[in-house]
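First the structure, in the form of structure tokens, and then the observations on it.
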Amino acid sequence: MSCYRILQGVLARFCADRMAGVAVRTARQTAPVLARQSCSRQLQSVVFGVGSMSGTTRGPSGIRLKLNCNRSFSQSTRWRSAVAPEVNRGGSKLWKSADEAVADIKSGSVILSSGFGLCGVASTLIAALRNRGPESLHSLTCVSNNAGAEGRGGLALLTENGQVDRMIMSYLGPNKKLERQYLTGKIAVELCPQGTLAERIRAAGSGIPAFFTPTGGQTLVHDGAIPVRFDADGNVVEVGKPRETRIFNGRRYLMETALHGDVAILRAWKVDKAGNCVFRYTTKSFAPLMAKAAKLAIVEAENIVEVGEIDPNDVALPGIFIDRIVPATQSSLIEILKTRWVGEGKEPRVKGEAQIRRDRIARRAAKELKDGFYVNLGVGIPTLAPSFLPPGQQVWIQSENGILGMGDYPLPEAVDPDIINAGKETTTLVPGAATFDSSESFSMIRGGHVDVSILGALQVSAAGDLANYMIPGKVFKGMGGAMDLVSNPDSTKIVVATEHVAKDGTSKVVQTCSLPLTGARVVSTVITDLCVFQVDRKRGILTLTEVAPGVDVEEVRSKTDASFTVADDLTLME
């Protein structure tokens, strides 16, 4: 049984055991929200209500939940650790090697590690940290978007080497070794929405102790109900902390705290001896943010040049934020190589029924994209939509890892390891594209500057609730940027593009979501292979507006768990 199966079983049973008898906070809340709040209140009373004491409770089926009252790092008031190396402002910033530059980093340090997947990862510095070994350097807290690729690169090289005690990130990914370490208590894992993670780091570098964000409202993040650490016997010994909330302009926001580091490690394409940095394309996702948020910043440079050789207009990170410079000795890495092929005489591929259904959904989803729109497309079916746009119509595709103007997969000879999409696949840029760091990316998203976001779904409710990042007992890889993408549904239209039923035949369009939410009352349009629904998010009403060719209303009803009304002007889905 996988660690995620055990984790989700423990979490689901623990929450369910404590749902009964909990008073409704507000008449407008739905059943899943009540369940999460019930669980959250119990966790607060057991975990945070008795100073630093620990408590043990027993869930259903005799599962023990040993809960302590220690605050998780993500909500700690600690600013910077006393173990951080001293910064010497005098003399040269240039160091001979990465090994020398990391020699005084101490065990227990908080390491901010740049990169997205394996793109922009400080591979040379990570190798130097690994070379120190767990006897010399251990108990690290590492902050990154994800933990690298198992056995290949990134922070996985440190977690596998037993040097990391805690990971703070948005996405675990397919790292089986990290899963096992998490389950057996060897590593704590704090999951944080990608945009919130970027903003917490940005706030730390800007001297802002905390901020309020709409991301994660009415989710497990809101309630602090995601387990952070297990012990060796599989007991939950640490969970996240419920977020303080406040109402602004009639909407609830969560308070998140700044996330400081002792040491930042980053990679840049070009660095002058004053520390001014130039990054290529998507390698800048977290690098500038992390350098500003750490007491000591070390950059590995692919090219080290003299002061004055970088035009001031090209500087992406000023030298004031860099303390040590080392030469990069390891090549850039590609996590997922994806290419397209163009050739003559290629026979058209015969499409199966599944692909025909997917194309039908994508073709209808393309109608949500108007000329000149800025759009974000989730993985899977949503990425097919642009291929069905009319000739001459242009949309600007935004990728949350830092692209506005993303193109198709590259030709084999045009692959660039510094240009990847949010799925960590190689991609291209269209003329007029721009690249930027992750805080800029999520400012576009949370700020409502993106016109439409099309996502897949595990479940979507009649009220527009969306669940798309976790199936208890099966899938739990982290939320990535999904919670941020649905955080401003009044300004960014949220469209779900998904097959109508799951592989087991159950409806994905449900009255009430039973899976943990990505966002509450956020979806406006649901497009499936059978039909199109419009959602009245305020009243919680689902209306059938289009049916696919050969599909009637009764078939839709028989395959839909949710109640819905039928539009008077019901039309045929194109």
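What you see is a predicted model; the values in this text were computed from it and never measured.
Considering every non-hydrogen atom in both Gly162 and Pro134, the closest pair reads O-CB, 4.0 Å. Closest approach of Val299 to Leu125, counting heavy atoms only: C-CD1, 4.4 Å. Between Leu155 and Cys142, the closest heavy-atom pair is CD1-CB, 3.8 Å. Shown here for Cys277 and Ile322, the closest heavy-atom pair between the two residues is SG-CG1, 3.8 Å. Contact between Val430 and Gly407 at its shortest, heavy atoms only, is CG1-CA, 3.7 Å. Pairing each heavy atom of Leu197 with each of Ser170, the nearest pair is CD2-N, 4.3 Å.
Counted by atom type alone, Thr124 and Glu300 present one or more donor-acceptor pairs between their side chains at under 3.5 Å. For the residue pair Ser97 and Asp99, no side-chain donor N or O sits within less than 3.5 Å of a side-chain acceptor on the partner. No side-chain donor from either of Asp165 and Ser139 sits under 3.5 Å from a side-chain acceptor of the other. A donor and an acceptor atom, one from each side chain of Asp408 and Thr428, are nowhere located under 3.5 Å apart. Between Ser92 and Lys273, the side chains place no donor N or O within less than 3.5 Å of an acceptor N or O (distance only, hydrogens not considered).
Contact of the Thr213 side chain with the Glu199 side chain is not registered, since no non-hydrogen atoms from C-beta on lie closer than 4.5 Å. Two residues are said to be in side-chain contact when any heavy atoms from C-beta on lie closer than 4.5 Å; Val121 and Arg267 fail this criterion. Between Thr492 and Ile494, the closest side-chain pair of non-hydrogen atoms falls below 4.5 Å. The shortest side-chain heavy-atom distance between Leu404 and Tyr374 falls under the 4.5 Å cut-off. A 4.5 Å side-chain heavy-atom check between Ile187 and Leu178 finds at least one atom pair inside the cut-off. Inter-residue side-chain proximity for Pro85 and Asp104 is flagged as met; some heavy-atom pair is nearer than 4.5 Å. Side chains of Leu429 and Thr435 form a contact here, defined as non-hydrogen atoms less than 4.5 Å apart. The side-chain heavy atoms of Val271 and Asn303, taken from C-beta on, include no pair separated by under 4.5 Å.
Between the CD1 atom of Ile111 and the OG atom of Ser144 there is a distance of 11.5 Å, given to the nearest 0.5 Å.
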Using a 3.5 Å cut-off and no angle test, enumerate the donor-acceptor pairs between side-chain atoms of residues 440-447 and protein atoms at least two apart in sequence or in another chain.
| residue | atom | partner | partner atom | Å |
| --- | --- | --- | --- | --- |
| Ser441 | OG | Gln398 | NE2 | 3.1 |
| Ser441 | OG | Glu400 | O | 3.0 |
| Ser443 | OG | Ser439 | O | 2.8 |

Sequence neighbours left out, cut at 3.5 Å: what donor-acceptor pairs do the side chains of residues 411-423 make with other protein atoms?
| residue | atom | partner | partner atom | Å |
| --- | --- | --- | --- | --- |
| Asp416 | OD1 | Arg280 | NH1 | 3.2 |
| Asp416 | OD1 | Asp418 | N | 2.9 |
| Asp416 | OD2 | Arg280 | NH1 | 3.3 |
| Asp416 | OD2 | Arg280 | NH2 | 2.8 |
| Asp418 | OD2 | Arg280 | NH1 | 2.7 |
| Asn421 | OD1 | Gly423 | N | 2.9 |
| Asn421 | OD1 | Lys424 | N | 3.1 |
| Asn421 | OD1 | Glu425 | N | 2.9 |
| Asn421 | ND2 | Glu425 | OE1 | 3.0 |

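The 12-atom threshold is exceeded at CG of Leu337, counting heavy atoms of other residues, nucleotides or ligands nearer than 6.0 Å. For Tyr281, the OH atom sits in a loose shell: 12 or fewer heavy atoms of surrounding residues, nucleotides or ligands are nearer than 6.0 Å.
A donor-acceptor pair under 3.5 Å is formed between the side chain of Thr159 and the backbone N or O of Ala156.
Using a 4.0 Å cut-off between a side-chain N of Lys or Arg and a carboxylate O of Asp or Glu, Glu190 and Arg166 qualify as a salt bridge. Between Asp231 and Lys186 no salt bridge is recorded (no basic side-chain N to carboxylate O distance below 4.0 Å). Note on Lys176 versus Glu150: no salt bridge recorded, every NZ/NE/NH1/NH2 to OD/OE distance being 4.0 Å or above.
Checked against Glu256 for a salt bridge (Lys or Arg N to Asp or Glu O under 4.0 Å), the options Lys241, Arg246, Arg202, Arg243 give a single hit: Arg243.
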Does the side-chain hydrogen bond (donor to acceptor under 3.5 Å, both in side chains) test come out yes or no for Thr427 and Lys338, once each step is laid out? CA-CA 7 Å; Thr427 189; Lys338 281 291 189 76; over 6 Å; no
Between Glu86 and Lys295, does the side chain to side chain contact (heavy atoms under 4.5 Å, CB included) criterion hold? Intermediate values first, please. CA-CA 8 Å; Glu86 292 298 323; Lys295 184 174 182 180; 4.1 Å; yes
Step by step, work out the side-chain hydrogen bond (donor to acceptor under 3.5 Å, both in side chains) result for Ser285 and Asn401. CA-CA 6 Å; Ser285 56; Asn401 64 309; over 6 Å; no
Pair Arg200, Thr257 - check side chain to side chain contact (heavy atoms under 4.5 Å, CB included), show working. CA-CA 6 Å; Arg200 290 178 62 200; Thr257 56; 3.9 Å; yes
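With a 6.0 Å cutoff to the six-membered ring centre and a 45° limit on the axis angle, Arg251 does not count as a cation-pi contact of Phe248.
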